[in-house]
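Sharing a structure, written as structure tokens. Questions coming.
These numbers come from the heavy atoms of this one structure, side chains and all, not from hydrogens, waters or symmetry mates. The sequence lines fix the lettering, A, B, ..., with proteins before strands; numbering per chain opens at 1.
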Amino acid sequence: MVAMATASHIVTETEADAHPAMEAVVVRFAGDSGDGMQLTGGQFTLSTALAGNDLATFPDFPAEIRAPQGTTFGVSAFQINFGSCAIDTAGDQPDVLIAMNPAALKVNVKELREGGLIIVDDGEFTQRNLAKAGYEASPLEDGSLAKWQLVHFNISALTVEAVKPFGLGNKEALRCKNMWTLGLALWMFDRDRAPIVDWLKTKFAKAPELAEANIAALNAGHAYGETVEIGTPVRRHHIDAAPAEPGLYRTVTGAEALSVGLVAGAQLAGLKMFFAGYPITPASAILHHLARLKEFGITTFQAEDEIAAVCAAIGASYAGQLGVTSSSGPGIALKTEGIGLAVMTELPLVIVNSQRGGPSTGLPTKTEQSDLYQAVYGRNADSPLPVIAARSPSDAFECAIEAVRIATRYMVPVMLLTDGYIANAAEPWKVPDMASYAPFPVSFLEEVPEHDKIVMPYARNEELARPWIKPGTAGLEHRIGGIEKAPGSGNIDYSPEAHAEMTRVRAAKVAGVVHSIPDQAVCLGEDSGELAVVGWGSTYGPIHQAVRRARLRGLNVSHIHIRHIVPMPKNLGPLLKGFKQILVPEMNSGQLKTVLRDHFLVDAQSLSKVSGQPFRIAEIEAAIDGALK
Amino acid sequence: MVAMATASHIVTETEADAHPAMEAVVVRFAGDSGDGMQLTGGQFTLSTALAGNDLATFPDFPAEIRAPQGTTFGVSAFQINFGSCAIDTAGDQPDVLIAMNPAALKVNVKELREGGLIIVDDGEFTQRNLAKAGYEASPLEDGSLAKWQLVHFNISALTVEAVKPFGLGNKEALRCKNMWTLGLALWMFDRDRAPIVDWLKTKFAKAPELAEANIAALNAGHAYGETVEIGTPVRRHHIDAAPAEPGLYRTVTGAEALSVGLVAGAQLAGLKMFFAGYPITPASAILHHLARLKEFGITTFQAEDEIAAVCAAIGASYAGQLGVTSSSGPGIALKTEGIGLAVMTELPLVIVNSQRGGPSTGLPTKTEQSDLYQAVYGRNADSPLPVIAARSPSDAFECAIEAVRIATRYMVPVMLLTDGYIANAAEPWKVPDMASYAPFPVSFLEEVPEHDKIVMPYARNEELARPWIKPGTAGLEHRIGGIEKAPGSGNIDYSPEAHAEMTRVRAAKVAGVVHSIPDQAVCLGEDSGELAVVGWGSTYGPIHQAVRRARLRGLNVSHIHIRHIVPMPKNLGPLLKGFKQILVPEMNSGQLKTVLRDHFLVDAQSLSKVSGQPFRIAEIEAAIDGALK
Amino acid sequence: MNEMTPNAALAVTTAKDWASDQEVRWCPGCGDYAVLKAVQRTMPDLGVAREKTVFVSGIGCSSRFPYYMATYGFHTIHGRAPAFATGIKLANPELDVWIITGDGDALSIGGNHTMHVLRRNLDCQILLFNNEIYGLTKGQYSPTSRIGTRSPSTPFGSVDRPVAPCMFALGSGARFIARVIDVHKSLPDVLKAAHAHRGASFVEIYQNCIVYNDDVFASFTARDFSAERQLWLAAGEKMLFAGGTKGIALDGERLVLKVVEADDPAVLVHDPRNRGVAAMLIELPGQGFPVALGVIYEDPAPTFESSVVEQNLAAAKGKTPDLQALVSKGQSWMVEKEPRAE
Amino acid sequence: MNEMTPNAALAVTTAKDWASDQEVRWCPGCGDYAVLKAVQRTMPDLGVAREKTVFVSGIGCSSRFPYYMATYGFHTIHGRAPAFATGIKLANPELDVWIITGDGDALSIGGNHTMHVLRRNLDCQILLFNNEIYGLTKGQYSPTSRIGTRSPSTPFGSVDRPVAPCMFALGSGARFIARVIDVHKSLPDVLKAAHAHRGASFVEIYQNCIVYNDDVFASFTARDFSAERQLWLAAGEKMLFAGGTKGIALDGERLVLKVVEADDPAVLVHDPRNRGVAAMLIELPGQGFPVALGVIYEDPAPTFESSVVEQNLAAAKGKTPDLQALVSKGQSWMVEKEPRAE
Ligand SMILES: Cc1ncc(C[n+]2csc(CCOP(=O)(O)OP(=O)(O)O)c2C)c(N)n1
Ligand SMILES: Cc1ncc(C[n+]2csc(CCOP(=O)(O)OP(=O)(O)O)c2C)c(N)n1
Ligand code: SF4
Ligand code: SF4
Ligand SMILES: [Mg+2]
Ligand SMILES: [Mg+2]
């Protein structure tokens with residue numbers, strides 16, 4: 001039943017060590033879009049988290065449209081990196097690949113580390129499927145997989161067998177394959193099945209027989225690992241729980257963390273939230289999350305397009321709620337004219353950009369961080385606004401609150417950057433204690449202050465913020481718009497003096513945000529030295545691991561990760577000047593690099609990766625070596 | 001009849017010299033929007049040009065809407081600087097101000113140089129008009145104009161008198177005021193009336209009596225200067241013709257020069273032009289010019305909005321014509337998503353941005369150059385495209401041709417920057433000899449080349465340009481779109497390899513444009529030294545004059561003016577590094593400065609003016625002194 | 001927001017109270033003045049407080065309107081006023097929202113938002129100033145300009161077929177459609193009807209641009225033929241015009257409207273709820289026919305903001321906004337161990 | 001462009017010749033397959049050459065369509081296909097232009113361009129795949145979704161009133177309006193009629209999204225009641241349905257359509273040029289009424305591109321494109337002097 005590929009061999013000691021000590025394992029589940037791999041991965045993630053491992057995941061599915069079964073462009077994969085050390089990335093090369101059909105094997109096997117383990121469902125290795133995947137001969141026989149450990153058995157048949165008692169049609173029966181596979185994986189890594197059994201029961205509450213069937217498949221897969229003599233290759237891994245700060249944990253995706261963070265921000269500001277969006281991958285998830293949270297005083301509005309979305313959000317802010325809008329690159333492009341009006345009218349607004357591969361429609365389901373130029377510079381005229389970037393799913397929660405704080409305190413639109421990787425990736429999240437967050441309640445102007453005789457919509461407080469006036473407030477009726485204004489009164493004023501002054505104030509206000517943000521910290525390493533690796537956004541994980549590994553090898557390198565891109569922390573300039581070299585890894589062609597060189601005149605060098613895939617630790621580590629050799 | 005303001009005084013010798021020697025005079029005509037000041041200015045410009053003076057003008061009219069008569073925000077002004085030296089700017093402070101009503105005086109007088117001459121129509125200085133302009137007392141009596149020379153007489157009455165014979169209604173009669181004033185000005189500066197008389201005859205061909213009346217007013221104004229004893233203040237200026245290169249000259253505005261340049265470009269490329277635009281100030285003029293030139297194979301399309309305009313233009317390029325679209329800041333913002341598709345599909349396209357004051361609706365009729373960030377960085381993802389900026393009305397002609405050349409040779413969208421000042425300003429233009437322009441004919445792919453078996457829409461030539469394939473060509477049917485592609489075939493391809501490679505090629509192609517553009521020249525001064533004043537766009541004039549004056553005072557300063565902003569000329573880096581200091585005057589908050597610092601890591605310092613008004617020579621001269629003291 | 005100004009709504013006001021201190025900046029003789037006056041004269045009769053009233057506009061001559069009203073006002077960007085209005089009304093349904101727009105603003109760049117605000121039926125009044133031209137940008141033709149319109153962008157005459165604003169509104173699902181003339185005395189009555197209607201009220205105002213499109217409506221607005229060429233509709237009343245001497249009836253053969261003698265029993269009685277007839281009235285073929293004016297169509301339906309509010313309340317019912325619970329959602333686990341060193 | 005392929009237009013082709021080599025990537029069972037097949041089967045009968053045919057689309061599942069046709073194809077950006085098509089057709093009026101779009105693409109983000117391409121009457125075929133959902137982005141509701149539609153963005157049901165595509169087209173000035181069903185046998189005939197019509201032909205196709213909105217049209221497409229619930233219109237024919245047992249007539253009292261017995265003399269004969277009746281047919285009230293299908297409205301008018309070309313020629317007539325003359329325009333003067341030193 002279990003046949004080793006001819007010429008396959010057992011991983012040697014040296015090979016084992018070549019790979020960072022078994023403190024972490026990278027497993028990739030790959031199958032057809034229809035095989036439910038994302039689900040399998042999600043549940044495996046949960047059980048892994050429950051086992052107290054630290055982890056990071058990377059779901060990688062095909063473009064929005066469903067592809068025909070068995071084709072390579074229809075392959076959906078879910079990778080998880082977990083273990084007993086701190087995990088910041090979904091891992092580089094998988095150690096274990098579970099492939100449900102030939103296409104899944106074809107697409108993913110090249111990434112498997114040498115000597116890694118392949119488990120395949122040979123029930124799917126029919127001539128037809130092999131052809132669809134573009135295999136002339138079956139890789140299970142032709143020895144082309146020699147450099148890996150190969151194990152294959154007929155998961156399909158085993159599953160159908162296992163669920164027979166529940167009298168499902170063949171199609172339904174096969175749908176349980178993923179649970180069978182999950183069962184095997186749980187056994188391999190010594191995970192508890194209970195939480196998944198519970199989950200299946202609630203998921204199929206309406207169809208108990210389906211619940212039973214899936215549970216049976218799960219158990220069968222587990223039993224299969226337990227009893228059948230698979231032989232050494234699939235030895236039983238036991239990964240110790242990772243040491244983590246004590247406290248209550250859950251897993252969270254970036255999209256959910258960001259959504260919840262927006263809710264928290266609105267609550268801390270004492271505002272109702274108006275969220276306007278137009279569906280677009282990978283931003284839609286935020287709209288979907290918020291649409292269910294009406295009890296928090298949230299109105300969600302699916303607008304006719306992105307322009308209407310940003311305009312409606314600005315309208316809501318004008319009317320006294322917290323206006324929020326969200327999209328990704330192409331949609332943000334359409335919003336830029338509207339954002340200009342928010343800059344001009346100085347209304348609070350949070351604009352979330354879940355970045356994806358581009359230009360144009362580009363690669364909707366792939367991740368990228370190439371909209372930094374657009375965020376910082378992408379408007380007509382001198383239209384500065386604060387820009388913040390989240391580094392991880394859990395960080396998205398903090399960044400969302402920060403965006404709301406700045407927008408309402410300074411009466412300014414704020415751009416919050418996240419990306420497809422953060423949006424979809426899951427990680428364990430230490431549940432925050434909301435009581436520990438200081439509220440920042442908004443106060444609306446209720447009447448004309450003594451010192452003014454008439455309402456002054458463009459009066460300034462010491463931080464240059466103008467008053468927020470709600471329509472409905474008697475005695476404060478006034479008109480605003482996108483035309484240049486007289487300071488104070490806000491009346492139309494085209495005079496050179498007014499334009500020069502208002503331009504100055506708009507810029508000074510945004511620059512002034514620097515006084516309410518923390519100084520830039522160094523995440524890892526000394527705050528001066530040979531090399532600083534400076535990143536932003538979702539490159540945090542791979543940069544951190546690469547720097548950590550390099551430091552373990554005794555290299556003089558530090559990791560600096562920037563959250564506040566506009567304005568930048570006061571100490572950032574001096575900090576950077578303290579390093580001989582500066583390396584900026586970005587999933588774009590060097591956009592943060594431009595900002596750093598302009599601001600600080602430092603010779604920041606770009607490490608660029610624009611492939612729709614996150615950095616691999618090794619890529620950054622190699623660049624560090626290159627810089628320091 | 002002529003009353004000197006109490007306490008007014010004659011300009012002293014020293015005062016006269018304080019002002020740059022009488023090689024040039026700056027005259028400003030100011031009146032109500034209804035008074036036809038732009039027309040007066042335009043005709044005075046023509047006659048001045050015909051007299052062989054070099055000149056530059058600056059029309060400055062109120063926001064698009066017509067304001068009620070007599071109000072300060074309804075004031076329309078036209079300034080001309082002319083003389084026997086090279087003129088590159090509309091001049092700083094006027095020497096002579098002709099004000100047709102109190103509001104015009106109020107708004108403009110503060111700019112008049114001390115000792116300058118004021119001529120006003122006191123017929124308009126009624127209580128009502130004084131009030132409208134916000135004068136308590138008449139400035140003609142209260143001595144508030146002491147530091148200038150004041151001359152006033154009832155131009156209204158004199159005009160009505162002059163046109164009596166033609167039996168016009170009072171309203172029509174008064175409409176001739178501007179011609180009366182022009183007559184006076186012509187006399188003051190010894191200009192010939194003939195061309196204007198001709199012009200009036202053709203203009204009013206359908207209404208001879210109006211022609212006669214206007215001519216009579218013109219002559220009356222001239223005669224008035226001739227005969228009536230106005231006394232010294234209005235002495236007869238005679239400005240010698242400026243030495244200029246021999247050849248045929250005409251006056252041209254930037255909008256017209258740019259339009260004609262686009263036509264020339266299309267002809268040199270051997271293409272028909274499809275121009276799609278949506279009206280917006282100050283860009284509309286280009287649409288208006290081109291709409292009349294159908295005999296050149298031009299189709300103009302007023303689209304429903306800017307998005308439709310850019311998309312239609314891309315569609316036309318796809319179909320084999322030269323697609324061109326034009327707008328200003330807010331409209332360009334709306335086009336950015338579409339431009340991204342042009343970047344992705346690699347189709348030729350020219351995007352013209354006639355910049356105006358912003359953010360948002362901002363100052364529609366005022367000039368600014370604050371859309372450089374938007375042009376260079378203002379798109380989602382890594383979407384580089386060539387950017388060119390015109391420096392003057394006549395230069396707009398050359399830049400338009402250059403934009404067409406690059407777009408068609410490299411199959412790429414090109415951004416061409418101009419601004420409200422260039423669009424509206426007029427200058428003498430040495431009529432180009434079209435025979436001296438080398439054609440750059442486009443060749444469409446007609447069949448599958450030998451070496452390929454199938455059509456390869458994304459094959460590359462040595463300059464990385466892809467073939468231009470016209471629908472209608474048998475055997476070359478293919479599909480393109482905004483999704484990432486496989487190199488060569490252009491088929492949808494989300495693979496990391498394809499995205500990395502295509503991203504690289506798109507950037508490399510744009511960078512490669514550097515090989516077909518001239519090296520950066522130094523406009524004035526040595527190509528290394530103490531200080532380089534680096535500019536782009538319409539700041540050319542004031543920078544050039546300021547550097548010229550500073551050099552006359554022996555300062556070590558050079559003027560470098562950049563036309564090609566993306567990519568920048570190969571030699572620009574080394575050139576800049578040859579100067580100890582770099583000063584970058586911009587009508588924005590320092591946008592070119594960012595690009596220079598990023599590219600060359602030079603300590604470029606910004607001299608910023610964001611007031612909707614062009615730089616004054618003195619402002620830049622002062623900054624030069626500051627840098628060099 | 002009521003409590004802040006308990007009986008402001010009751011305060012008696014005059015037209016002057018609704019005029020702001022800003023100098024009006026339209027061309028002398030512009031039709032916009034007449035509309036401004038009519039609106040200012042009408043507001044006191046609507047029983048709304050100034051502070052509860054918001055005028056939202058796009059960009060255009062007409063869109064300068066909000067600056068001249070002593071209410072809250074938002075002069076936004078070109079073509080997007082309906083989107084801003086939607087955000088404003090959803091954020092505070094108590095506000096009385098007026099959208100001021102032009103033929104270019106609402107039907108060229110803004111056509112999509114106009115359609116969506118109408119189909120959603122947001123409670124607001126939409127005043128479309130149709131002068132069949134782009135005034136603010138100095139006279140280019142617009143989507144309502146007639147074929148052959150010579151303008152700076154169409155020196156040889158426009159060739160594209162214009163859109164009929166009221167027909168577009170009908171096709172977009174509008175539930176209130178009216179048509180009036182800037183200087184006509186019945187403008188205030190139509191404004192009152194539009195305000196009384198709950199939902200999106202679409203009012204097309206024929207507005208004369210004296211500078212760039214003077215007298216374009218003269219064929220039916222000029223004194224001498226106004227009677228002959230204007231059909232003023234009133235619910236439940238016969239469709240009569242020409243001083244009550246002529247009427248409109250249905251040609252049973254061809255199923256189109258025809259002109260008949262006033263005493264013809266076939267003269268139709270105006271039923272504002274009949275969509276088919278509304279379509280025919282909006283498009284009366286000109287030649288020999290009058291122009292249908294007044295409230296052409298009205299058939300109320302639930303408003304967008306009321307449905308949204310209702311659903312928000314229903315969905316929130318029984319749930320408490322517990323932030324701590326929200327962040328703790330899903331399966332979670334405790335970690336007791338000490339933090340690792342590093 | 002003809003000369004390049006003299007008699008390509010005459011070459012005999014089969015459906016296969018019109019299929020590209022690209023693998024079709026829709027969900028198994030998607031209605032889009034049926035439409036693709038129907039189009040590929042229809043093309044050979046239209047007497048157009050592949051190289052003269054351009055399929056232009058926006059973004060959406062349906063908008064992937066052009067990749068599967070062996071013609072020229074442009075998969076553009078979301079909602080803007082009509083604008084691209086306008087540029088393409090004006091640049092080369094010889095091309096046969098097809099616009100492929102979805103309910104979100106054409107009516108949510110793209111509503112404005114849809115309106116303008118219709119009112120301008122650009123000669124093209126517009127196939128709107130209406131599945132009343134956003135397929136590509138995984139199932140959010142669309143502007144044509146019925147009230148109460150539960151979707152990821154409306155977990156408690158949508159509240160906004162949908163727009164009726166054909167009514168929107170009528171209000172936008174369309175001159176050809178048809179409605180069909182993805183899997184219905186008469187789709188090719190309607191496509192032929194749309195192609196034969198000179199001007200913008202608007203075709204709404206009820207398309208089943210098996211994954212996110214399965215069977216949403218079943219109430220009138222399902223075998224068992226299709227006869228009862230489908231009214232297929234044919235010019236000059238009586239409006240009969242239910243196997244010829246029932247007909248549609250005008251209720252002379254209320255001036256609305258009603259269902260009558262087939263032999264009732266009042267049964268209407270379909271006149272595709274009657275706009276008022278077209279409005280009533282498009283909006284047949286459901287309950288007890290059939291759904292009007294086939295060519296509902298057709299009344300040709302001059303096409304946009306032909307008028308543009310005509311004017312371009314007329315305006316250019318007698319003028320020679322002399323570039324030197326152009327740059328020398330206006331009053332000019334000679335300067336003889338020597339260039340100054342500096
Ligand atoms: C995005 C954008 N595009 C174009 C313009 C220029 N613009 C301002 S108003 C207007 C059209 C005005 O016409 P209409 O809406 O009919 O108003 P009117 O002036 O006739 O009252 C245009 C094209 C702009 N302000 N913003
Ligand atoms: C500017 C922009 N906004 C949003 C999207 C995301 N998006 C792609 S297709 C689509 C809607 C698809 O619905 P529909 O047009 O009905 O096509 P279907 O998939 O149902 O055939 C959306 C919102 C996008 N690609 N571009
Ligand atoms: S341009 Fe026309 S619409 Fe605009 S203010 Fe003047 S008259 Fe009125
Ligand atoms: S999602 Fe729906 S519309 Fe899209 S391909 Fe699948 S079934 Fe067809
Ligand atoms: Mg208008
Ligand atoms: Mg759809």
Using non-hydrogen atoms only, which part of Gln591(B) is less than 4.5 Å away from chain A: side chain, backbone, both, or neither?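 For Gln591(B), the side chain is the part near chain A, not the backbone.
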Highest number of heavy-atom pairs under 4.5 Å with chain B among Ala333(A), Ala498(A), Ala375(A) belongs to Ala333(A)
For chain A, which candidate among Leu334(B), Leu596(B), Val595(B) shows the most heavy-atom pairs at distances under 4.5 Å? Leu334(B)
If you count heavy-atom pairs within less than 4.5 Å of chain A, which of Gly590(B), Ala500(B), Ala604(B) leads?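 Of the candidates given, the most pairs with chain A belong to Ala500(B).
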State, without any angle test, whether Gln355(A) and Asn380(B) hold a side-chain donor-acceptor pair at a distance under 3.5 Å.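 Checked: Gln355(A)/Asn380(B) side chains show no N/O donor-acceptor pair below 3.5 Å.
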How about His499(B) and Gln613(A): does a side-chain donor come under 3.5 Å of a side-chain acceptor?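 Side chains of His499(B) and Gln613(A): no pair found under 3.5 Å.
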Determine, stepwise, if the pair Tyr494(A) / Lys366(B) fulfils side-chain contact (heavy atoms from CB on, under 4.5 Å). CA-CA 8 Å; Tyr494(A) 296 104; Lys366(B) 306 296 178 192; 4.2 Å; yes
Residue pairs passing the salt bridge (Lys or Arg N to Asp or Glu O under 4.0 Å) test where at least one lies in residues 584-596 of chain A, sequence neighbours excluded: Lys593(A)-Asp598(B)
With a 4.5 Å cut-off on side-chain heavy atoms, are Leu363(A) and Ile483(B) touching? no
Counting N and O atoms only, with roles assigned by atom type, does the side chain of Asp371(A) sit under 3.5 Å from a partner on the main chain of Ala381(B), one being a donor and the other an acceptor? yes
Phe615(A): which residues meet the ring pair (Phe, Tyr, Trp, His ring centres under 6.0 Å) condition with it, sequence neighbours left out? none
Relative to chain B, which of Gly340(A), Ser589(A), Gly378(A), Ser608(A) shows the most heavy atom pairs under 4.5 Å?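 Sorted descending by pairs with chain B, the first entry is Ser589(A).
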OG of Ser611(A) to CD of Glu501(B): how many Å apart, nearest 0.5 Å?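 Ser611(A) OG to Glu501(B) CD: 13.0 Å, rounded to 0.5 Å.
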Please classify the contact of Arg506(B) with chain A as side chain, backbone, both or neither, using a heavy-atom distance under 4.5 Å.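 Contact with chain A involves the side chain of Arg506(B) alone.
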Side chain, backbone, both or neither: which part of Ile307(B) has an atom under 4.5 Å from a heavy atom of chain A?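 Just the side chain, heavy atoms under 4.5 Å.
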Please report the shortest heavy-atom distance between Arg597(A) and His599(B), naming the atom on each side.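 Of all heavy-atom pairs spanning Arg597(A) and His599(B), the closest is NH2-O, 4.0 Å.
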Given the options Thr336(B), Val602(B), Asp382(B), which has more heavy-atom pairs under 4.5 Å with chain A than any of the others? Asp382(B)
dist Thr361(A):OG1 -> Leu341(B):CG (nearest 0.5 Å) comes out at 7.0 Å
Top contributor to chain B interface from Pro359(A), Gly329(A), Gly338(A) [non-hydrogen pairs under 4.5 Å]: Pro359(A)
Of the listed Asp603(A), Thr345(A), Ile332(A), the one with the largest count of heavy-atom pairs under 4.5 Å with chain B is Asp603(A)
Gly362(B), Ser383(B), Ala342(B), Gly331(B): which one forms the most heavy-atom pairs within less than 4.5 Å of chain A?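 Option with the greatest count: Gly362(B).
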Considering only heavy atoms and a distance below 4.5 Å, find which of Ser328(B), Gly357(B), Pro496(B) pairs most often with chain A.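 Most heavy-atom pairs under 4.5 Å with chain A: Pro496(B).
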With a 4.5 angstrom heavy-atom cut-off, is it the side chain or the backbone of Glu337(A) that approaches chain B, or both, or neither?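 When you check distances to chain B, atoms from both the backbone and side chain of Glu337(A) fall under 4.5 Å.
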Stepwise side-chain contact (heavy atoms from CB on, under 4.5 Å) check, Thr594(B) with Tyr377(A): CA-CA 10 Å; Thr594(B) 293; Tyr377(A) 304 115; 3.6 Å; yes
Structural part of Leu601(B) lying under 4.5 Å from a heavy atom of chain A: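 Both parts, backbone and side chain.
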Check whether Val343(B) gets within reach of chain A through its side chain, its backbone, both or neither, counting any heavy atom under 4.5 Å.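 Just the side chain, heavy atoms under 4.5 Å.
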